[in-house]
Peer 1: 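Okay, handing you the structure first.
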Amino acid sequence: MIITLTANPSLDRTVELAAPLVRGGVQRAASPTRQAAGKGVNVSRVLAVSGLATLAILPGDPDDQVPVRLRLDGLPHLAVPIGADLRSNITLTEPDGTTTKINEPGPALSPERQEQLASAVVEKADGASWLVLAGSLPPGVPAGFYAALTARVRAELGGRAPRIAGDGSGVPLRALFAGGPEAVPDLLKPNAEELAELTGRHDEAALEADPSRAAAAAKLLLEDGAGAVLATLGSKGAVLATRAGSWFATHAPVTARSTVGAGDSSLAGYLLAHSRGAAAPGCLRQAVAHGAAAAALPGTTLPALNQTTPDAVVVTAL
Ligand SMILES: O=P(O)(O)OC[C@@]1(O)O[C@H](CO)[C@@H](O)[C@@H]1O
């Protein structure tokens, strides 16, 4: 069982433009779609569609659009009521695959709601194989929320605690490394921008352009205690750094329609392969195959295992 926590879920609204975006103009949308989403929800969706047992934990009232859609979609989830509407995030895609995203802050979570969410996670994580802590934190939630939860899960569950993966950006990820060794995740999944921000090593473009630089930056996070770092590098592929070695993987070119959810799909691909006993290069291969398949799909549409092409991925040791 893989548990995901999305502290700040969203209703993702995607507008596919039939022509390039004209700022200040009026344009007609080709096909608007709405999907219950957020980083952890997306990871759970990819796992579920490929047959892995998963539970998505999130805040949300029973009649909110996000839990309502999750029920209709049949995705196993646990929504902790918060008495407020969840956010709606907007994605604009252009014909050349350019993806523009506008994310709302989300509703504030009171300390009482935060505790309800955290205790639901501790209860459900008991005996799970992985716990994924993913996405931004809504207003009112302290930056150290994921770090404190990681340490609490390990302290309360001891040997029954799952491995913990962190996926997201900015302050909550940095806090994982500031919270002492017991808060550092087993797996971290930054993109190039997040890796640059976390390590202060190079800028995003330099890391995307040069896998060895990305691996060197990822190794700094291993020195800080992370078990493994899966750094996604957009259309270039991804780097996996572990104590046993580092690898770079790249996929044959795909025509991108929307990159939303590509990173979440990569993480899910990694977890799928890991759950099936694959070694590190095999986990990286499936991560990149899932990321590429997601980029070729519209909006926040996410791929099943049989829509991915791991044979089109080349993995090299660094
Ligand atoms: O604002 P956050 O929590 O960082 O990211 C939220 C989000 O952009 O992440 C997913 C894609 O990774 C989308 O489904 C969702 O809208």
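As the structure lists them, so they are numbered: ligands from 1, and atoms in each ligand from 1. Just so it is clear, the values below take in all heavy atoms, side chains as well, and ignore hydrogens, waters and symmetry mates.
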Peer 1: Measure across Leu133 and Thr150 and return the closest heavy-atom pair with its distance rounded to 0.1 Å.
Peer 2: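 Looking at all heavy atoms of both residues, the shortest contact is CD1-OG1, 3.3 Å.
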Peer 1: Going by the order shown, which atoms of ligand 1 are within less than 4.0 Å of some heavy atom of Gly38?
Peer 2: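 By the 4.0 Å cutoff, the relevant atoms are 14 (O).
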Peer 1: Is there a donor in the side chain of Ser129 and an acceptor in the side chain of His274, or the other way round, less than 3.5 Å apart?
Peer 2: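 No donor-acceptor contact under 3.5 Å links the two side chains.
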Peer 1: Work out whether the distance between some heavy atom of Gly261 and some atom of ligand 1 is less than 4.0 Å.
Peer 2: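 Per 4.0 Å heavy-atom rule, Gly261 contacts ligand 1.
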Peer 1: Taking only residues two or more places apart in sequence or in another chain, which ones pass side-chain contact (heavy atoms from CB on, under 4.5 Å) with Ala155?
Peer 2: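 Counting only residues at least two positions away or on another chain, Ala155 forms no side-chain contact (heavy atoms from CB on, under 4.5 Å).
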Peer 1: Give the atom numbers and elements of ligand 1 that come within less than 4.0 Å of a heavy atom of Gly135.
Peer 2: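 Near Gly135, meaning under 4.0 Å from one of its heavy atoms, ligand 1 has 3 (O).
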Peer 1: Does the distance from a Lys or Arg side-chain N to an Asp or Glu carboxylate O, for Glu115 and Arg152, drop under 4.0 Å?
Peer 2: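 Looking at Arg152 together with Glu115, the answer is yes, because their closest N to O distance falls below 4.0 Å.
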Peer 1: Can you name the atoms of ligand 1, numbered from 1 with element, that are less than 4.0 Å from a heavy atom of Asn89?
Peer 2: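 Those atoms are 6 (C), 15 (C), 16 (O).
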Peer 1: In the protein, what heavy atom is nearest to atom 2 (P) of ligand 1, and what distance, to one decimal place, separates them?
Peer 2: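 Answer for atom 2 (P) of ligand 1: Ser136 OG, 3.4 Å.
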Peer 1: For Arg113, which residues count as a salt bridge (Lys or Arg N to Asp or Glu O under 4.0 Å) partner, sequence neighbours excluded?
Peer 2: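 Here no residue qualifies.
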Peer 1: Can you tell which part of Arg87 has a heavy atom less than 4.0 Å from ligand 1: side chain, backbone, both or neither?
Peer 2: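 Under 4.0 Å from ligand 1, Arg87 contributes side-chain atoms alone.
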Peer 1: Identify which of Asn8, Leu267, Asp12 has a heavy atom lying nearest to atom 13 (C) of ligand 1.
Peer 2: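 Looking at heavy atoms only, the winner is Asp12.
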Peer 1: Number the atoms of ligand 1 from 1 as they appear, then name those within less than 4.0 Å of a heavy atom of Asp264, with their elements.
Peer 2: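 Counting atoms of ligand 1 from 1, those under 4.0 Å from Asp264 are 10 (C), 11 (C), 12 (O).
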Peer 1: Tell me the closest heavy-atom pair linking Pro67 and Ala79, and the distance in Å.
Peer 2: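 It is CG-CB, 4.0 Å.
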Peer 1: Among all protein heavy atoms, pick out the one at the shortest distance from atom 9 (O) of ligand 1; state its residue, atom name and that distance to 0.1 Å.
Peer 2: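 Checking every protein heavy atom, the shortest distance to atom 9 (O) of ligand 1 gives Lys39 NZ, 2.9 Å.
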Peer 1: Under 4.0 Å between a Lys/Arg side-chain N and an Asp/Glu carboxylate O for Asp186 and Arg154?
Peer 2: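 Salt bridge: yes.
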Peer 1: Which protein non-hydrogen atom lies closest to atom 10 (C) of ligand 1, naming both residue and atom, and how far is it?
Peer 2: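 That would be Asn42 ND2, 3.5 Å.
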Peer 1: With a cut-off of 4.0 Å, which atoms of ligand 1 are near a heavy atom of Ala37?
Peer 2: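 Contacts of ligand 1 toward Ala37, numbered from 1: 14 (O).
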Peer 1: Looking only at heavy atoms, which two atoms of Leu173 and Asp167 are closest? And how far apart?
Peer 2: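 Leu173 and Asp167 have their closest heavy atoms at CD2-N, 4.4 Å.
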